[in-house]
Chemist: 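Structure below; questions to follow.
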Amino acid sequence: MRARVRDLLHSDGARAHARAMGWARSVRVSKGVVFVAINDGSCLDSLQVVVPADQPAFEIARRLTTGASLVAEGALVASPGQQQQWELHATEIKTIGEADSSYPLQNKRHSLEFLRSIAHLRPRTNTFGAVFRVRNALSYAIHRFFQERNFQWIHTPIISGCDCEGAGEMFRVTTLDIEELVGKCRPGEVDCSKDFFGRRTGLTVSGQLEAELLALALSDVYTFGPTFRAENSNTSRHVAEFWMVEPEIAFADLADDISLAEDFLRSVTLEVMNRCEDDLAFFAKRVEKRVPERLRLLTESSYEVMTYREAVAALQRSGESFEYPVHFGADLQAEHERYLTEKLTAGPLFVTDYPKNIKAFYMRLNDDDETVAATDLLVPQVGEIIGGSQREERLDVLEARIAEQGLERDDYWWYLDVRRYGTVPHAGFGLGFDRLLMYITGLQNIRDVIPFPRTPGHADF
RNA sequence: UCCGGCUUAGCUCAGUCGGUAGAGCAGGUGGCUGUUAACCACCCUGUCGCAAGUUCGAGUCUUGCAGCCGGAGCCA
(Lines give C-alpha, C1' and ligand atoms only; values in the text may rest on other atoms or scores of the structure.)
Protein backbone atom coordinates (compact mmCIF):
# COMPACT_ATOMS: atom_id res chain seq x y z
CA MET A 1 0.00 0.00 0.00
CA ARG A 2 1.37 3.35 -0.89
CA ALA A 3 0.51 6.59 0.81
CA ARG A 4 0.21 9.79 -1.15
CA VAL A 5 2.87 12.35 -0.37
CA ARG A 6 0.06 14.72 0.49
CA ASP A 7 -1.33 12.37 3.14
CA LEU A 8 2.08 11.76 4.65
CA LEU A 9 2.85 15.49 4.87
CA HIS A 10 -0.51 16.06 6.56
CA SER A 11 -0.20 13.05 8.87
CA ASP A 12 -1.73 13.35 12.34
CA GLY A 13 1.22 11.62 13.92
CA ALA A 14 4.32 9.53 13.42
CA ARG A 15 3.93 6.21 11.60
CA ALA A 16 6.06 3.13 12.21
CA HIS A 17 5.72 2.16 8.59
CA ALA A 18 4.93 4.12 5.47
CA ARG A 19 5.59 3.67 1.78
CA ALA A 20 5.84 6.54 -0.67
CA MET A 21 6.22 6.51 -4.43
CA GLY A 22 7.14 9.39 -6.64
CA TRP A 23 9.77 11.20 -8.65
CA ALA A 24 12.99 12.56 -7.16
CA ARG A 25 13.00 16.34 -7.33
CA SER A 26 16.40 16.74 -5.73
CA VAL A 27 19.02 14.46 -4.25
CA ARG A 28 21.38 15.92 -1.64
CA VAL A 29 24.29 13.70 -0.74
CA SER A 30 26.69 14.17 2.12
CA LYS A 31 29.04 11.71 3.82
CA GLY A 32 26.68 10.52 6.51
CA VAL A 33 23.23 10.99 5.02
CA VAL A 34 21.27 11.34 1.80
CA PHE A 35 18.17 13.52 1.41
CA VAL A 36 15.81 12.76 -1.44
CA ALA A 37 12.88 15.09 -2.06
CA ILE A 38 10.14 13.08 -3.71
CA ASN A 39 7.02 14.46 -5.31
CA ASP A 40 4.03 12.53 -6.62
CA GLY A 41 1.91 15.44 -7.79
CA SER A 42 -0.64 14.97 -5.02
CA CYS A 43 0.40 18.36 -3.66
CA LEU A 44 2.94 21.08 -4.26
CA ASP A 45 5.37 20.03 -1.54
CA SER A 46 7.76 17.14 -1.72
CA LEU A 47 8.39 14.53 0.94
CA GLN A 48 11.88 14.50 2.40
CA VAL A 49 13.25 10.97 2.47
CA VAL A 50 16.24 10.56 4.76
CA VAL A 51 18.73 7.72 4.41
CA PRO A 52 21.61 7.55 6.91
CA ALA A 53 24.86 5.93 5.81
CA ASP A 54 24.38 2.91 8.06
CA GLN A 55 21.30 1.82 6.11
CA PRO A 56 21.64 -0.69 3.26
CA ALA A 57 19.48 1.68 1.19
CA PHE A 58 22.18 4.35 1.41
CA GLU A 59 24.05 3.11 -1.68
CA ILE A 60 20.90 3.16 -3.81
CA ALA A 61 19.81 6.53 -2.49
CA ARG A 62 23.24 8.02 -3.14
CA ARG A 63 22.99 7.09 -6.82
CA LEU A 64 19.49 8.49 -7.39
CA THR A 65 19.27 11.39 -9.79
CA THR A 66 16.82 14.19 -10.34
CA GLY A 67 13.80 12.87 -12.23
CA ALA A 68 14.13 9.19 -11.31
CA SER A 69 11.03 7.41 -10.02
CA LEU A 70 11.33 5.45 -6.82
CA VAL A 71 9.62 3.74 -3.94
CA ALA A 72 10.76 4.49 -0.40
CA GLU A 73 9.71 2.61 2.72
CA GLY A 74 10.40 3.32 6.35
CA ALA A 75 9.16 5.26 9.34
CA LEU A 76 7.43 8.61 9.16
CA VAL A 77 8.92 10.70 11.95
CA ALA A 78 8.91 14.31 13.08
CA SER A 79 11.51 16.26 11.12
CA PRO A 80 14.15 18.26 12.93
CA GLY A 81 14.40 20.48 9.85
CA GLN A 82 12.62 23.79 9.63
CA GLN A 83 10.81 23.34 6.36
CA GLN A 84 8.64 20.30 6.96
CA GLN A 85 6.79 18.68 9.80
CA TRP A 86 7.31 15.05 8.77
CA GLU A 87 10.00 13.13 6.95
CA LEU A 88 10.46 9.52 5.93
CA HIS A 89 13.42 7.61 7.38
CA ALA A 90 13.89 5.01 4.70
CA THR A 91 15.01 1.51 5.44
CA GLU A 92 14.38 0.43 1.89
CA ILE A 93 14.59 2.28 -1.42
CA LYS A 94 14.00 0.96 -4.91
CA THR A 95 14.56 2.82 -8.13
CA ILE A 96 11.59 2.24 -10.42
CA GLY A 97 12.76 4.18 -13.46
CA GLU A 98 16.10 5.88 -13.87
CA ALA A 99 16.62 9.35 -15.31
CA ASP A 100 20.06 10.17 -16.62
CA SER A 101 21.67 13.58 -16.87
CA SER A 102 19.85 14.32 -20.12
CA TYR A 103 16.63 14.71 -18.10
CA PRO A 104 15.67 18.28 -19.03
CA LEU A 105 14.20 19.31 -15.67
CA GLN A 106 17.23 19.89 -13.53
CA ASN A 107 17.31 21.76 -10.25
CA LYS A 108 17.21 25.21 -11.68
CA ARG A 109 14.90 27.83 -13.01
CA HIS A 110 13.59 27.14 -16.50
CA SER A 111 11.77 29.59 -18.71
CA LEU A 112 8.09 28.99 -19.48
CA GLU A 113 9.00 29.09 -23.18
CA PHE A 114 11.44 26.21 -22.74
CA LEU A 115 8.95 24.24 -20.69
CA ARG A 116 6.36 24.63 -23.45
CA SER A 117 8.72 22.76 -25.74
CA ILE A 118 8.73 19.83 -23.30
CA ALA A 119 5.01 19.76 -22.54
CA HIS A 120 5.23 16.01 -21.88
CA LEU A 121 7.52 16.61 -18.89
CA ARG A 122 6.49 20.00 -17.60
CA PRO A 123 3.66 18.58 -15.43
CA ARG A 124 6.50 17.41 -13.17
CA THR A 125 7.46 20.99 -12.30
CA ASN A 126 6.07 22.95 -9.37
CA THR A 127 4.39 25.51 -11.60
CA PHE A 128 2.61 23.09 -13.88
CA GLY A 129 1.70 20.66 -11.14
CA ALA A 130 0.04 23.58 -9.40
CA VAL A 131 -1.68 24.79 -12.58
CA PHE A 132 -3.21 21.43 -13.32
CA ARG A 133 -4.37 20.89 -9.75
CA VAL A 134 -6.03 24.30 -9.80
CA ARG A 135 -7.50 23.50 -13.21
CA ASN A 136 -9.05 20.38 -11.72
CA ALA A 137 -10.38 22.19 -8.65
CA LEU A 138 -11.89 24.93 -10.78
CA SER A 139 -13.61 22.39 -13.05
CA TYR A 140 -15.08 20.65 -10.05
CA ALA A 141 -16.18 23.93 -8.49
CA ILE A 142 -18.00 24.86 -11.68
CA HIS A 143 -19.98 21.65 -11.73
CA ARG A 144 -20.73 21.97 -8.04
CA PHE A 145 -21.95 25.54 -8.41
CA PHE A 146 -24.46 24.61 -11.09
CA GLN A 147 -25.47 21.26 -9.66
CA GLU A 148 -26.29 22.83 -6.29
CA ARG A 149 -28.55 25.29 -8.07
CA ASN A 150 -30.34 22.57 -10.06
CA PHE A 151 -28.84 23.42 -13.41
CA GLN A 152 -28.70 20.48 -15.83
CA TRP A 153 -25.35 19.75 -17.43
CA ILE A 154 -26.07 19.29 -21.12
CA HIS A 155 -23.87 17.96 -23.89
CA THR A 156 -24.14 20.03 -27.04
CA PRO A 157 -22.68 18.64 -30.26
CA ILE A 158 -18.99 18.95 -31.01
CA ILE A 159 -19.61 18.40 -34.69
CA SER A 160 -21.87 21.10 -35.90
CA GLY A 161 -23.53 22.31 -39.08
CA CYS A 162 -21.38 25.02 -40.57
CA ASP A 163 -23.89 27.67 -41.43
CA CYS A 164 -25.37 28.60 -38.10
CA GLU A 165 -22.76 29.75 -35.70
CA GLY A 166 -20.71 32.59 -37.03
CA ALA A 167 -18.68 33.14 -33.84
CA GLY A 168 -15.44 32.46 -35.66
CA GLU A 169 -13.66 30.40 -38.31
CA MET A 170 -14.51 26.70 -38.10
CA PHE A 171 -12.38 23.63 -38.49
CA ARG A 172 -13.85 21.59 -41.30
CA VAL A 173 -15.01 18.07 -40.48
CA THR A 174 -15.15 15.75 -43.45
CA THR A 175 -14.57 12.19 -44.60
CA LEU A 176 -14.06 13.29 -48.20
CA ASP A 177 -10.67 12.46 -49.67
CA ILE A 178 -8.85 15.76 -49.59
CA GLU A 179 -5.87 14.53 -51.63
CA GLU A 180 -8.23 13.53 -54.37
CA LEU A 181 -10.24 16.75 -54.28
CA VAL A 182 -7.26 19.10 -54.26
CA GLY A 183 -6.61 20.18 -57.81
CA LYS A 184 -9.88 18.68 -59.01
CA CYS A 185 -12.27 21.14 -57.45
CA ARG A 186 -12.20 24.88 -57.30
CA PRO A 187 -13.35 26.63 -54.10
CA GLY A 188 -17.10 26.18 -53.65
CA GLU A 189 -17.23 23.27 -56.07
CA VAL A 190 -17.00 20.51 -53.48
CA ASP A 191 -20.24 18.55 -53.29
CA CYS A 192 -21.00 18.38 -49.59
CA SER A 193 -24.08 16.21 -50.14
CA LYS A 194 -21.62 13.35 -50.75
CA ASP A 195 -19.89 13.97 -47.44
CA PHE A 196 -20.50 11.89 -44.31
CA PHE A 197 -23.27 14.09 -42.94
CA GLY A 198 -24.57 15.10 -46.33
CA ARG A 199 -23.77 18.72 -45.63
CA ARG A 200 -20.95 21.06 -44.62
CA THR A 201 -19.87 20.41 -41.05
CA GLY A 202 -17.23 21.68 -38.70
CA LEU A 203 -16.12 21.60 -35.08
CA THR A 204 -18.33 23.67 -32.84
CA VAL A 205 -17.39 27.25 -32.05
CA SER A 206 -20.09 27.48 -29.37
CA GLY A 207 -22.80 25.33 -27.89
CA GLN A 208 -25.01 28.30 -27.20
CA LEU A 209 -27.68 27.94 -29.85
CA GLU A 210 -28.30 24.32 -28.89
CA ALA A 211 -28.11 25.21 -25.19
CA GLU A 212 -30.95 27.66 -25.75
CA LEU A 213 -33.12 24.84 -27.11
CA LEU A 214 -32.57 22.83 -23.93
CA ALA A 215 -33.02 25.84 -21.66
CA LEU A 216 -36.42 26.33 -23.30
CA ALA A 217 -37.39 22.94 -21.91
CA LEU A 218 -35.27 22.31 -18.80
CA SER A 219 -35.16 25.96 -17.67
CA ASP A 220 -31.63 26.09 -16.31
CA VAL A 221 -28.81 24.36 -18.13
CA TYR A 222 -25.09 24.68 -18.71
CA THR A 223 -22.48 23.31 -21.05
CA PHE A 224 -18.90 22.68 -20.04
CA GLY A 225 -16.72 21.31 -22.76
CA PRO A 226 -14.27 21.98 -25.55
CA THR A 227 -14.70 24.56 -28.27
CA PHE A 228 -12.70 25.10 -31.44
CA ARG A 229 -11.69 28.16 -33.41
CA ALA A 230 -9.68 27.97 -36.60
CA GLU A 231 -8.67 31.64 -36.36
CA ASN A 232 -5.07 32.37 -37.18
CA SER A 233 -4.63 34.10 -33.85
CA ASN A 234 -1.16 34.37 -32.40
CA THR A 235 -1.60 35.96 -29.01
CA SER A 236 -1.09 35.01 -25.40
CA ARG A 237 -4.87 34.78 -24.93
CA HIS A 238 -5.95 32.66 -27.91
CA VAL A 239 -5.81 28.94 -28.68
CA ALA A 240 -7.52 26.80 -31.31
CA GLU A 241 -9.01 24.42 -28.73
CA PHE A 242 -10.27 25.68 -25.40
CA TRP A 243 -12.96 25.03 -22.84
CA MET A 244 -16.06 27.11 -22.32
CA VAL A 245 -18.77 27.17 -19.71
CA GLU A 246 -22.10 28.32 -21.11
CA PRO A 247 -25.07 28.56 -18.75
CA GLU A 248 -28.43 29.35 -20.26
CA ILE A 249 -31.40 30.34 -18.11
CA ALA A 250 -35.06 30.59 -19.06
CA PHE A 251 -37.51 33.15 -17.69
CA ALA A 252 -34.60 35.50 -17.18
CA ASP A 253 -33.34 38.85 -18.41
CA LEU A 254 -29.95 40.54 -18.64
CA ALA A 255 -30.00 41.57 -14.98
CA ASP A 256 -30.53 37.93 -13.97
CA ASP A 257 -27.71 36.93 -16.28
CA ILE A 258 -25.31 39.44 -14.75
CA SER A 259 -26.23 38.45 -11.26
CA LEU A 260 -25.70 34.77 -12.12
CA ALA A 261 -22.29 35.53 -13.63
CA GLU A 262 -21.19 37.46 -10.57
CA ASP A 263 -22.46 34.84 -8.14
CA PHE A 264 -20.80 32.15 -10.23
CA LEU A 265 -17.37 33.79 -10.37
CA ARG A 266 -17.38 34.55 -6.67
CA SER A 267 -18.36 31.00 -5.71
CA VAL A 268 -15.96 29.10 -7.91
CA THR A 269 -13.05 31.36 -7.00
CA LEU A 270 -13.78 30.97 -3.32
CA GLU A 271 -13.87 27.21 -3.64
CA VAL A 272 -10.53 27.15 -5.46
CA MET A 273 -9.06 29.39 -2.75
CA ASN A 274 -10.21 26.93 -0.11
CA ARG A 275 -9.02 23.82 -1.91
CA CYS A 276 -5.74 25.04 -3.40
CA GLU A 277 -4.23 27.23 -0.72
CA ASP A 278 -0.66 26.00 -1.22
CA ASP A 279 -0.76 26.16 -4.99
CA LEU A 280 -2.18 29.69 -4.97
CA ALA A 281 0.44 30.78 -2.45
CA PHE A 282 3.05 29.41 -4.83
CA PHE A 283 1.66 31.46 -7.71
CA ALA A 284 1.67 34.56 -5.54
CA LYS A 285 5.29 33.98 -4.61
CA ARG A 286 6.76 32.81 -7.89
CA VAL A 287 4.49 33.81 -10.75
CA GLU A 288 2.46 36.95 -10.05
CA LYS A 289 2.61 38.90 -6.80
CA ARG A 290 -0.86 40.30 -7.31
CA VAL A 291 -2.61 36.89 -7.26
CA PRO A 292 -4.03 37.41 -3.74
CA GLU A 293 -5.27 40.84 -4.77
CA ARG A 294 -6.84 39.41 -7.92
CA LEU A 295 -8.63 36.72 -5.92
CA ARG A 296 -9.87 39.35 -3.48
CA LEU A 297 -11.20 41.38 -6.40
CA LEU A 298 -13.23 38.42 -7.64
CA THR A 299 -14.53 37.30 -4.26
CA GLU A 300 -14.90 40.49 -2.21
CA SER A 301 -15.13 43.58 -4.36
CA SER A 302 -18.36 44.69 -5.97
CA TYR A 303 -18.60 44.09 -9.69
CA GLU A 304 -19.20 47.42 -11.38
CA VAL A 305 -21.86 47.62 -14.07
CA MET A 306 -21.69 50.29 -16.74
CA THR A 307 -23.42 50.71 -20.06
CA TYR A 308 -21.37 50.83 -23.21
CA ARG A 309 -22.52 54.42 -23.63
CA GLU A 310 -21.20 55.32 -20.17
CA ALA A 311 -17.95 53.48 -20.84
CA VAL A 312 -17.41 55.40 -24.05
CA ALA A 313 -18.08 58.68 -22.24
CA ALA A 314 -15.65 57.71 -19.47
CA LEU A 315 -12.97 56.87 -22.02
CA GLN A 316 -13.53 60.15 -23.83
CA ARG A 317 -13.09 62.21 -20.68
CA SER A 318 -10.17 60.10 -19.44
CA GLY A 319 -7.58 62.33 -21.05
CA GLU A 320 -5.67 59.22 -22.11
CA SER A 321 -4.29 59.12 -25.62
CA PHE A 322 -5.52 55.92 -27.22
CA GLU A 323 -4.22 54.47 -30.43
CA TYR A 324 -7.79 53.85 -31.53
CA PRO A 325 -10.21 56.73 -31.03
CA VAL A 326 -13.32 56.05 -28.99
CA HIS A 327 -16.74 56.81 -30.35
CA PHE A 328 -20.20 55.33 -30.05
CA GLY A 329 -20.53 52.45 -32.47
CA ALA A 330 -16.91 51.32 -32.35
CA ASP A 331 -15.88 48.16 -30.57
CA LEU A 332 -13.87 48.63 -27.40
CA GLN A 333 -10.22 47.90 -28.07
CA ALA A 334 -7.89 46.06 -25.72
CA GLU A 335 -6.35 49.38 -24.66
CA HIS A 336 -9.81 50.70 -23.77
CA GLU A 337 -10.72 47.61 -21.77
CA ARG A 338 -7.42 47.91 -19.96
CA TYR A 339 -8.08 51.52 -19.01
CA LEU A 340 -11.55 50.67 -17.74
CA THR A 341 -10.56 47.70 -15.57
CA GLU A 342 -7.06 48.67 -14.54
CA LYS A 343 -7.48 52.40 -13.96
CA LEU A 344 -11.13 53.40 -13.81
CA THR A 345 -12.72 50.63 -11.74
CA ALA A 346 -9.60 48.66 -10.77
CA GLY A 347 -11.69 45.51 -10.69
CA PRO A 348 -14.20 43.38 -12.59
CA LEU A 349 -16.53 45.39 -14.77
CA PHE A 350 -19.68 44.44 -16.68
CA VAL A 351 -20.12 46.60 -19.75
CA THR A 352 -23.68 46.35 -21.03
CA ASP A 353 -25.96 47.42 -23.87
CA TYR A 354 -23.64 47.51 -26.84
CA PRO A 355 -24.61 48.95 -30.22
CA LYS A 356 -26.50 46.29 -32.16
CA ASN A 357 -24.22 46.58 -35.18
CA ILE A 358 -21.17 45.22 -33.38
CA LYS A 359 -22.94 42.31 -31.71
CA ALA A 360 -24.48 39.00 -32.74
CA PHE A 361 -27.95 38.62 -34.25
CA TYR A 362 -29.40 36.64 -31.35
CA MET A 363 -28.91 39.35 -28.72
CA ARG A 364 -32.13 40.99 -27.62
CA LEU A 365 -32.85 44.39 -29.15
CA ASN A 366 -33.37 47.14 -26.58
CA ASP A 367 -36.26 49.59 -26.73
CA ASP A 368 -33.95 52.30 -28.08
CA ASP A 369 -33.68 50.17 -31.25
CA GLU A 370 -29.98 50.99 -31.24
CA THR A 371 -28.44 48.75 -28.60
CA VAL A 372 -28.75 45.12 -27.53
CA ALA A 373 -29.03 43.53 -24.08
CA ALA A 374 -25.49 42.19 -24.09
CA THR A 375 -22.72 42.23 -21.54
CA ASP A 376 -19.00 41.59 -21.42
CA LEU A 377 -17.29 41.02 -18.11
CA LEU A 378 -13.84 42.57 -18.23
CA VAL A 379 -11.11 41.83 -15.70
CA PRO A 380 -7.72 43.53 -15.26
CA GLN A 381 -4.81 42.11 -17.32
CA VAL A 382 -6.82 39.36 -18.99
CA GLY A 383 -9.61 41.41 -20.60
CA GLU A 384 -12.87 39.81 -21.64
CA ILE A 385 -13.55 36.70 -19.60
CA ILE A 386 -17.32 36.43 -20.04
CA GLY A 387 -19.54 37.41 -22.93
CA GLY A 388 -23.28 37.11 -22.47
CA SER A 389 -26.65 38.46 -23.41
CA GLN A 390 -30.36 38.23 -23.10
CA ARG A 391 -31.51 36.36 -26.20
CA GLU A 392 -34.03 37.74 -28.66
CA GLU A 393 -37.22 35.81 -27.87
CA ARG A 394 -39.57 37.73 -30.20
CA LEU A 395 -39.98 35.87 -33.47
CA ASP A 396 -40.55 38.90 -35.68
CA VAL A 397 -37.64 40.89 -34.24
CA LEU A 398 -35.32 37.91 -34.53
CA GLU A 399 -36.29 37.30 -38.13
CA ALA A 400 -35.65 40.94 -38.91
CA ARG A 401 -32.23 40.80 -37.23
CA ILE A 402 -31.27 37.69 -39.21
CA ALA A 403 -32.21 39.44 -42.42
CA GLU A 404 -30.40 42.62 -41.35
CA GLN A 405 -27.16 40.72 -40.85
CA GLY A 406 -27.47 39.00 -44.20
CA LEU A 407 -27.94 35.54 -42.71
CA GLU A 408 -30.02 32.77 -44.22
CA ARG A 409 -33.32 32.38 -42.39
CA ASP A 410 -33.78 28.76 -43.41
CA ASP A 411 -30.56 27.77 -41.69
CA TYR A 412 -32.12 28.78 -38.39
CA TRP A 413 -35.50 27.13 -38.76
CA TRP A 414 -35.18 25.21 -35.50
CA TYR A 415 -33.81 28.22 -33.65
CA LEU A 416 -36.81 30.24 -34.84
CA ASP A 417 -39.24 27.42 -34.07
CA VAL A 418 -38.67 27.68 -30.33
CA ARG A 419 -39.74 31.34 -30.61
CA ARG A 420 -42.80 30.26 -32.51
CA TYR A 421 -43.91 27.77 -29.85
CA GLY A 422 -44.00 28.89 -26.24
CA THR A 423 -41.20 31.40 -26.40
CA VAL A 424 -39.89 32.89 -23.15
CA PRO A 425 -37.32 35.52 -22.24
CA HIS A 426 -33.99 33.83 -21.60
CA ALA A 427 -30.35 34.71 -21.23
CA GLY A 428 -26.93 33.17 -20.89
CA PHE A 429 -23.22 33.73 -21.05
CA GLY A 430 -20.00 32.10 -22.16
CA LEU A 431 -17.05 31.92 -19.82
CA GLY A 432 -13.55 31.34 -21.14
CA PHE A 433 -12.49 28.64 -18.71
CA ASP A 434 -8.81 28.86 -19.57
CA ARG A 435 -8.84 32.62 -19.31
CA LEU A 436 -10.32 32.43 -15.84
CA LEU A 437 -7.52 30.05 -14.97
CA MET A 438 -5.00 32.61 -16.27
CA TYR A 439 -6.53 35.26 -14.07
CA ILE A 440 -6.53 33.02 -10.98
CA THR A 441 -2.98 31.69 -11.40
CA GLY A 442 -1.43 34.89 -12.73
CA LEU A 443 0.09 33.08 -15.70
CA GLN A 444 0.20 35.45 -18.63
CA ASN A 445 0.06 32.97 -21.48
CA ILE A 446 -2.95 30.73 -22.11
CA ARG A 447 -0.55 28.06 -23.40
CA ASP A 448 0.67 27.65 -19.84
CA VAL A 449 -2.70 26.78 -18.32
CA ILE A 450 -3.56 24.05 -20.85
CA PRO A 451 -1.65 20.75 -20.69
CA PHE A 452 -1.19 20.41 -24.44
CA PRO A 453 -2.28 23.65 -26.12
CA ARG A 454 -3.25 23.82 -29.79
CA THR A 455 -2.24 26.95 -31.67
CA PRO A 456 -1.60 27.66 -35.36
CA GLY A 457 1.22 25.35 -36.45
CA HIS A 458 1.24 23.42 -33.18
CA ALA A 459 -0.50 20.13 -32.46
CA ASP A 460 2.39 18.21 -30.88
CA PHE A 461 1.89 15.79 -28.02
C1' U B 1 -2.58 37.91 -40.93
C1' C B 2 0.16 42.64 -39.62
C1' C B 3 4.03 45.24 -36.56
C1' G B 4 8.25 44.81 -33.29
C1' G B 5 11.99 41.99 -30.79
C1' C B 6 14.89 37.72 -30.04
C1' U B 7 17.90 33.14 -31.63
C1' U B 8 25.49 32.14 -28.32
C1' A B 9 27.18 25.30 -23.98
C1' G B 10 21.93 20.54 -21.80
C1' C B 11 19.31 25.23 -19.30
C1' U B 12 19.46 30.79 -18.05
C1' C B 13 22.23 34.49 -20.06
C1' A B 14 26.81 38.04 -20.93
C1' G B 15 29.81 39.04 -25.12
C1' U B 16 32.49 46.57 -25.50
C1' C B 17 34.82 49.65 -31.39
C1' G B 18 34.46 43.77 -36.32
C1' G B 19 40.28 40.87 -34.06
C1' U B 20 38.81 34.27 -33.56
C1' A B 21 33.71 32.81 -27.21
C1' G B 22 32.56 33.46 -21.34
C1' A B 23 29.68 33.11 -16.46
C1' G B 24 26.03 30.75 -13.38
C1' C B 25 23.23 26.38 -13.12
C1' A B 26 23.12 21.18 -14.86
C1' G B 27 26.86 17.05 -15.64
C1' G B 28 31.78 14.49 -13.83
C1' U B 29 35.49 13.81 -9.77
C1' G B 30 36.74 14.72 -4.80
C1' G B 31 35.38 16.87 0.01
C1' C B 32 31.62 17.81 3.77
C1' U B 33 27.90 14.57 10.55
C1' G B 34 20.96 16.91 9.09
C1' U B 35 20.50 19.07 4.14
C1' U B 36 16.22 22.39 2.20
C1' A B 37 16.40 24.15 -5.90
C1' A B 38 22.48 22.11 0.20
C1' C B 39 27.50 23.81 0.32
C1' C B 40 33.18 23.98 -1.06
C1' A B 41 37.18 22.78 -4.70
C1' C B 42 38.62 21.11 -9.40
C1' C B 43 37.24 19.27 -14.41
C1' C B 44 34.23 18.83 -18.93
C1' U B 45 30.87 21.33 -22.33
C1' G B 46 30.03 25.30 -28.58
C1' U B 47 27.58 23.88 -36.43
C1' C B 48 27.28 31.56 -32.07
C1' G B 49 19.32 29.41 -35.78
C1' C B 50 20.13 28.41 -41.40
C1' A B 51 21.93 30.36 -46.20
C1' A B 52 24.42 34.01 -48.74
C1' G B 53 27.04 38.82 -48.87
C1' U B 54 30.62 42.91 -47.22
C1' U B 55 35.64 42.56 -45.04
C1' C B 56 42.52 40.86 -44.44
C1' G B 57 39.15 39.12 -40.54
C1' A B 58 31.97 38.41 -38.78
C1' G B 59 28.87 35.96 -32.59
C1' U B 60 29.16 41.35 -33.87
C1' C B 61 27.62 44.70 -40.17
C1' U B 62 23.95 43.71 -44.69
C1' U B 63 20.18 40.62 -47.22
C1' G B 64 16.98 36.41 -47.41
C1' C B 65 14.73 32.31 -44.86
C1' A B 66 13.15 29.64 -40.48
C1' G B 67 11.76 29.27 -35.46
C1' C B 68 10.30 31.50 -30.99
C1' C B 69 8.47 35.59 -27.99
C1' G B 70 5.65 40.11 -27.35
C1' G B 71 1.89 43.47 -29.24
C1' A B 72 -2.39 44.31 -32.66
C1' G B 73 -6.71 42.34 -35.18
C1' C B 74 -10.36 38.30 -34.27
C1' C B 75 -12.51 36.54 -29.68
C1' A B 76 -13.41 33.26 -24.88
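Below, chains carry the letters A, B, ... as their sequence lines are ordered, and counting in each starts from 1.
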Chemist: Looking at A:D376 and A:K359, is any side-chain nitrogen of the basic one under 4.0 Å from a carboxylate oxygen of the acidic one?
Modeler: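 Answer for the salt bridge query: yes.
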
Chemist: Base, sugar-phosphate or nothing for A:I386? Non-hydrogen atoms, less than 4.0 Å.
Modeler: sugar-phosphate

Chemist: Please classify the nucleic acid contact of A:G432 as base, sugar-phosphate, or nothing, using heavy-atom distances under 4.0 Å.
Modeler: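 Touches sugar-phosphate only.
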
Chemist: Does the base of B:C69 carry an N or O that pairs as donor and acceptor with the side chain of A:R447 under 3.5 Å?
Modeler: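 A donor-acceptor contact between them is absent.
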
Chemist: Between the base of B:U35 and the side chain of A:Q48, is one N or O donor paired with an acceptor at under 3.5 angstrom?
Modeler: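 For A:Q48, whose side chain was compared with the base of B:U35, there is a donor-acceptor pair (under 3.5 Å).
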
Chemist: Taking pairing as Watson-Crick or G-U wobble with both contacts under 3.5 Å, can you name the mate of B:G5, or confirm there isn't one?
Modeler: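 Paired with B:C68.
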
Chemist: Base, sugar-phosphate, or nothing: which does A:R338 touch, judged by heavy atoms less than 4.0 Å apart?
Modeler: sugar-phosphate

Chemist: Quick one: the side chain of A:S233 and the base of B:C75, do they pair up donor-acceptor inside 3.5 Å?
Modeler: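 No.
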
Chemist: Any donor-acceptor pair, under 3.5 Å, between the side chain of A:Q82 and the base of B:G34, if you only look at N and O atoms?
Modeler: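 Per atom types, no contact qualifies.
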
Chemist: Identify whether any heavy atom of A:Q84 sits under 4.0 Å from a base atom; if not, whether one sits that close to sugar-phosphate; answer base, sugar-phosphate or nothing.
Modeler: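 Touches a base.
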
Chemist: Should the pair A:E320-A:K343 be classified as a salt bridge under the 4.0 Å nitrogen-to-oxygen rule?
Modeler: yes

Chemist: Counting any heavy atom closer than 4.0 Å, what does A:V29 reach on the DNA or RNA strands: base, sugar-phosphate only, or nothing?
Modeler: base

Chemist: With a non-hydrogen cut-off below 4.0 angstrom, is A:S111 in contact with a base, only sugar-phosphate, or nothing?
Modeler: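 Result for A:S111 = sugar-phosphate.
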
Chemist: Could you tell me the separation between the CG atom of A:D448 and the P atom of B:G70, rounded to a whole number of Å?
Modeler: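 After rounding, the reported distance stands at 8 Å.
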
Chemist: Does the Lys NZ or Arg CZ of A:R149 fall within the cation-pi geometry relative to A:F145 - under 6.0 Å from the ring centre and within 45° of the axis?
Modeler: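 Yes; both conditions hold, so A:R149 lies above the ring face of A:F145.
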
Chemist: Going by 5.5 Å between centroids and 30° between planes, is there a stack of A:F35 over B:A38?
Modeler: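 Not stacked by the 5.5 Å and 30° rule.
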
Chemist: Salt bridge (Lys or Arg N to Asp or Glu O under 4.0 Å) between A:E92 and A:R19: does it pass, once the steps are laid out?
Modeler: CA-CA 9 Å; A:E92 196 176 338; A:R19 172 194 276 184; over 6 Å; no

Chemist: What nucleic acid atoms does A:F114 come within less than 4.0 Å of, heavy atoms only: base, sugar-phosphate, or nothing?
Modeler: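 If one applies the 4.0 Å heavy-atom cut-off, A:F114 turns out to touch the sugar-phosphate alone, with no base involved.
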
Chemist: Mind checking who B:C42 pairs with, Watson-Crick or G-U wobble, both distances under 3.5 Å?
Modeler: B:G28

Chemist: Under 6.0 Å from the ring centre and within 45 degrees of the ring axis: does the NZ or CZ of A:R229 meet both conditions for the six-membered ring of A:F242?
Modeler: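 No, a cation-pi geometry is absent between A:R229 and A:F242.
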
Chemist: Kindly say whether, by distance alone, the side chain of A:H110 makes a donor-acceptor pair under 3.5 Å with the base of B:C11?
Modeler: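 Not at all, since no donor on one side and acceptor on the other fall under 3.5 Å apart.
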
Chemist: Looking for any heavy atom pair under 4.0 Å, which part of the strands does A:A334 touch: base, sugar-phosphate only, or nothing?
Modeler: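 Here A:A334 touches the backbone only, sparing every base.
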
Chemist: Counting the atoms with a prime plus P, OP1 and OP2 as sugar-phosphate, which does A:H89 contact under 4.0 Å by heavy atoms, base, sugar-phosphate, or nothing?
Modeler: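 Base, at least one base atom sits under 4.0 Å.
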
